[in-house]
Student: 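If you scroll down you'll find the structure; I have some questions about it.
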Protein chains: 2
Amino acid sequence: MATIKDVAARAGVGLGTASRVLNGSTQTSPSSRERVLAAAAELGYVAHGPARALRRTRTDALGLLVSDIRNPFFSELAHAAEQEARAHGYAVLLANANEDERQADDVLRTFASQRIDGLMLSPQGPATPQLASLVERDVPIVLLNRRIEGVDLPFFGTDNEQGVGLVLDHLQRRGHRDVAYVGGTPTMSTGVERARAYLGGRAAHGISTDDALVEAGDFQTEGAAAAMLRILDRGVHPSAVFGANGATTVGVLRALRERLGADAAAAIEVVSFDDFDWFAYASPAITAVRNDASAIGRAAVQGVLALLRGEPAESVRVATTLVDRSGH
Amino acid sequence: MATIKDVAARAGVGLGTASRVLNGSTQTSPSSRERVLAAAAELGYVAHGPARALRRTRTDALGLLVSDIRNPFFSELAHAAEQEARAHGYAVLLANANEDERQADDVLRTFASQRIDGLMLSPQGPATPQLASLVERDVPIVLLNRRIEGVDLPFFGTDNEQGVGLVLDHLQRRGHRDVAYVGGTPTMSTGVERARAYLGGRAAHGISTDDALVEAGDFQTEGAAAAMLRILDRGVHPSAVFGANGATTVGVLRALRERLGADAAAAIEVVSFDDFDWFAYASPAITAVRNDASAIGRAAVQGVLALLRGEPAESVRVATTLVDRSGH
DNA sequence: CTGTTAGCGCTTTCAT
DNA sequence: ATGAAAGCGCTAACAG
C-alpha cells in the first residue's frame, strides 16, 4: 500500500510538501502541487485514516447509536444523518443497540476506542457507565428522541405534544367520544409525554375521560396487543383507538381483529402516532401522525457539529404532520 | 485521556508489560497483571483504536455497504451482520449507498481510508473505481444479494430460483391461470434471476404464457405501479399478480386500487417476492416469499472472516419460505 | 515555499 | 517475565 512517503518520493518533493498538497493546505507551488497530485493518482494513494487520526487527535467520524435500526423511524433518521454528516466532511459510524442496554454500552465502548469526534444516541434507559465516561471526557453528545434522567444534553426529537394535539383535533372533528388509548412505556420520556398530552387534552376535545379506555403497553407489538385486549375485556365499546407509536398500532390492529373479527374491527377507527407507509393499504386505512425522522437526523448532526465548534447546541422539537386517511 | 503509559506508570511496570496484560497476552506475572488491570480500571483507560490500528495494520472493523438502509431487507441484514461480527470481536462500519453509485464510491473511499479489514457490499451496478482498487489491494470482499458483471467474488444472497418455485407452486395450487408479473430491473442480477425462473416455469405450472401479462418495473414502487397500469391498459384480466420484490408489490397494490377501485382490486390475489410484516394486515392479506435477511447477513460475515483467515469463502444461496396468507 | 524532524499511542522485537 | 527501544503513517512546528 502506497504511503505518503512513496508519493513524496515519486513526486520528487519532501514529505511535508506532499502532506501540505494532499491536505489542500495554504501555500504550495503550483509545480509541486501538480506533481504530488499526479503521483498520488498514479499510486492510487489513499491516506491512512488511523495514522491521521493519531496525529491530529480527531477522526472526522461521528457515532450514531440507535435503539433499533430495523425500526423505520431510526433507519430513516440514520440515513438522513449520514447524508448530512457526509456533506460536512464527517463519516458516521452507525450502530444498533437492539433495544438492549448491555449492547448499547458495548457499542459505546467501541466508539470510545475509535475516538469518534461526537455522538448521537437514542438512549435505552438510564445513563450507562460508558455514556457517563464519554460525557466526562467532554465528547460532544446529543440525544435522539428520548431523554435520560438526570443527564442534561441537547435533545433532538419529535414534538410529542404538538403531535398529540393533531390527533385530538382529528378525533374531535370525527366526532369520537369513546376513544381507547394504548400507551407506551411509562419509563420512557416519549411515552410519558404522549400520555400526558393525550390524557390531559381529552376533556377539552369532547372525549370520554373514562379510565377503562386507557392502558399502558410497552411500545412493542406484543405488549400493545395485550393491552388492547385488556381494554376490550372490560366491556367498553370504543369507536376509535389511538396507538401511542407505530408498533403499538400494529398490536392494536391485531388485537381488534383477533377479538372482534375483521368486519367489526374495520368499523373502529384507528389512529397512530408514527406513520408507516403501508397504513394507506390497511383496511380501513389508518390515520397517523408522521414525525419527520429525516429532519431530526439532520438537526442532530448540526447539533453535534455546533458542539464540536464550541458553540452551544439548542434542543429541537420537530413538528409532526397528520396524514388523514379517514376518508378511506 | 489516559494513555497506556499512564496505566503503566500507575501500575509501576514498564510500557511493554502493561500492553501485554491489556492484550491478554501469554506470559505475565499474576502480580503485575493484577496491578495493571487495577490501574486501567481506575484511570478509565480505553485503548486508542487508531494507534492500535496503525501499529497492528488491522482495525478489527468490517465495512458493510448496503443499497438502502431504509429497505427492511437491508436493515435486518445489517442488524444480523452487526451481531454476528460483534460476536467475533469485529465492529461493523455501516454505510448507505442510497441506491446511488457515486455515493457508494464515496463510502468505499472512506472505508479504504479507515483501513477496514473486510467488506460486505450490495453493489449498485457495475464495479466502481474504488471497488476495483479495493479488490486489487486484496481486501476480503463479499457480495450481498446482487452480483457484479465480470467480478468474481463470493456471493451471499437469496435463492431466487427456489423462491420463485414456491410462488409457482402456490399459484398452481390456487388454480390461477392468468397471472400478471411485474418484474424488476433487467440490469440487476436479482431481477434477471427471478424473471427467468418465473417466465420459464409458467408453462409447467399451468400458467398462461401470454406476454401481455408481463412487464418490467424498476424494483421501486413508482415504476412498478406504472408497469402494472400498462398491463391493465392492455385489457387483460389477471386473477393474480406476482410482484418481483417488496416495493414492486406495493406499487402493484396502488395501481390496482387506482385503476379498478378497492373492491375489484381486492378480488385479485397478490403474491410478493419479499415479505413485509404488514402484508398480514393488507386486505386481502398478501402471500409472500420471505427471504431470510438475517441468515444472509450472518453468512456474509462468516464469509469475510473466512477470507480473513486465508480460507476460501463459499457462496451461499439462502433458501426462502412461503408465507401463505391466501386463506385470509 | 519547502525539507527535516519530532512525536501522536500503541505493539512487538530484542535483550536481558 | 519484563524493560527499553523501534517504528507503524501521518501532520505540524521549525528552520531555512
Student: Grab the CE-P distance between Met1(A) and dC8(D) for me, whole Å please.
Tutor: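 Interatomic distance, CE of Met1(A) to P of dC8(D): 15 Å.
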Student: Any idea which of dC10(C), dG3(D), dG9(C) is nearest the Leu54(A) side chain?
Tutor: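 Nearest to the side chain of Leu54(A) among the choices is dG9(C).
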Student: Please check the phosphate of dT2(D) (OP1 and OP2 only) for any side-chain N or O of Ser32(B) closer than 4.0 Å.
Tutor: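 Checking Ser32(B) against dT2(D): at least one side-chain N or O falls below 4.0 Å of OP1 or OP2.
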Student: Less than 4.0 angstrom from a charged side-chain N to a carboxylate O is my criterion; do Glu99(A) and Arg146(A) meet it?
Tutor: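 Yes.
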Student: Using only atom types and a distance under 3.5 Å, with no angle test, would you say the side chain of Thr190(B) pairs donor to acceptor with the backbone of Asn145(B)?
Tutor: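 Present.
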Student: What's the CZ-C1' distance between Arg52(B) and dC8(C), to the nearest Å?
Tutor: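 Nearest whole value for this atom pair: 16 Å.
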Student: Classify Ser19(B) by what it touches in the nucleic acid, base, sugar-phosphate, or nothing, heavy-atom distance under 4.0 Å.
Tutor: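 Since a base atom lies under 4.0 Å of Ser19(B), the category is base.
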Student: Give Ala47(A) one of three labels, base, sugar-phosphate or nothing, depending on what nucleic acid heavy atoms sit under 4.0 Å from its own.
Tutor: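 Sugar-phosphate contact only - Ala47(A) comes under 4.0 Å of backbone atoms but never of a base.
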Student: Return no unless some side-chain N or O of Ser29(B) is found under 4.0 Å from OP1 or OP2 of dT2(D).
Tutor: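 Looking at the OP1 and OP2 atoms of dT2(D), one of them is under 4.0 Å from a side-chain N or O of Ser29(B).
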Student: Under 4.0 Å between a side-chain N or O of Thr17(B) and OP1 or OP2 of dG3(D)?
Tutor: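 Yes, within the criterion.
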Student: Starting from P on dG9(D), measure out to NE2 on His48(B) and report it in whole angstrom.
Tutor: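 Rounded to the whole Å, the gap is 17 Å.
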Student: Between the axis at one end of the helix from dC1(C)-dG16(D) to dT16(C)-dA1(D) and the axis at the other (five pairs apiece), what's the angle to 10 degrees?
Tutor: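 End axes: 40° apart.
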Student: Could you go through the side-chain contact (heavy atoms from CB on, under 4.5 Å) check for Arg147(A) and Ser315(A) one step at a time?
Tutor: CA-CA 11 Å; Arg147(A) 301 209 113 106; Ser315(A) 295; 4.3 Å; yes
Student: Write down the distance between CZ (Arg35(A)) and C1' (dC1(C)), rounded to a whole number of angstrom.
Tutor: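 It is 14 Å, rounded to the nearest whole Å.
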Student: Mapping Ala51(B) and Leu15(B) onto DNA chain D by nearest heavy atom, which one lands closer to the 5' end?
Tutor: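 Looking at DNA chain D, the more 5' nearest nucleotide goes with Leu15(B).
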Student: Does OP1 or OP2 of dT11(C) have a side-chain N or O of Arg56(B) closer than 4.0 Å?
Tutor: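 No.
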Student: Does some side-chain heavy atom of Arg115(A) sit less than 4.5 Å from a side-chain heavy atom of Val46(B)?
Tutor: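 Answer yes - side chains close enough.
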Student: Please report, rounded to the nearest Å, how far the P atom of dC8(D) is from the CD1 atom of Ile4(B).
Tutor: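 Spelled out: CD1 on Ile4(B) to P on dC8(D) is 19 Å.
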Student: Nearest of dA13(D), dT11(D), dC8(D) to any side-chain atom of Arg20(A)?
Tutor: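 Within the option list, the nearest is dA13(D).
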Student: Check whether any side-chain heavy atom of Val301(B) sits under 4.5 Å from a side-chain heavy atom of Val92(B), and report yes or no.
Tutor: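 Heavy-atom side-chain distance check fails, nothing below 4.5 Å.
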Student: Salt-bridge test for Arg102(B) and Asp100(B): reply yes if a basic N is under 4.0 Å from a carboxylate O, no otherwise.
Tutor: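 Salt bridge: no.
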Student: Taking CG from Asp60(B) and C1' from dT11(C), how many angstroms apart are they, rounded to a whole number?
Tutor: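 Going from Asp60(B) (CG) to dT11(C) (C1'), I get 13 Å.
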Student: Rounding to a whole Å, what distance do you find between Arg55(A):CZ and dG9(C):P?
Tutor: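 Atom CZ in Arg55(A) sits about 10 Å away from atom P in dG9(C).
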Student: Is there side-chain contact between Met1(A) and Thr57(B), with at least one heavy-atom pair below 4.5 Å?
Tutor: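 In short, these two side chains do not touch, never coming nearer than 4.5 Å.
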Student: Toward the 5' end of DNA chain D, which comes first, Arg115(B) or Ser31(B), by nearest nucleotide?
Tutor: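 Of the two residues, Ser31(B) wins.
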Student: Does the side chain of Asp218(B) pick up a donor-acceptor pair with the side chain of Thr185(B) at under 3.5 Å?
Tutor: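 Result is no, nothing qualifies.
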Student: May I have the distance from Lys5(A) (atom NZ) to dT5(C) (atom C1'), rounded to whole angstrom?
Tutor: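 Roughly 13 Å, once rounded to whole Å.
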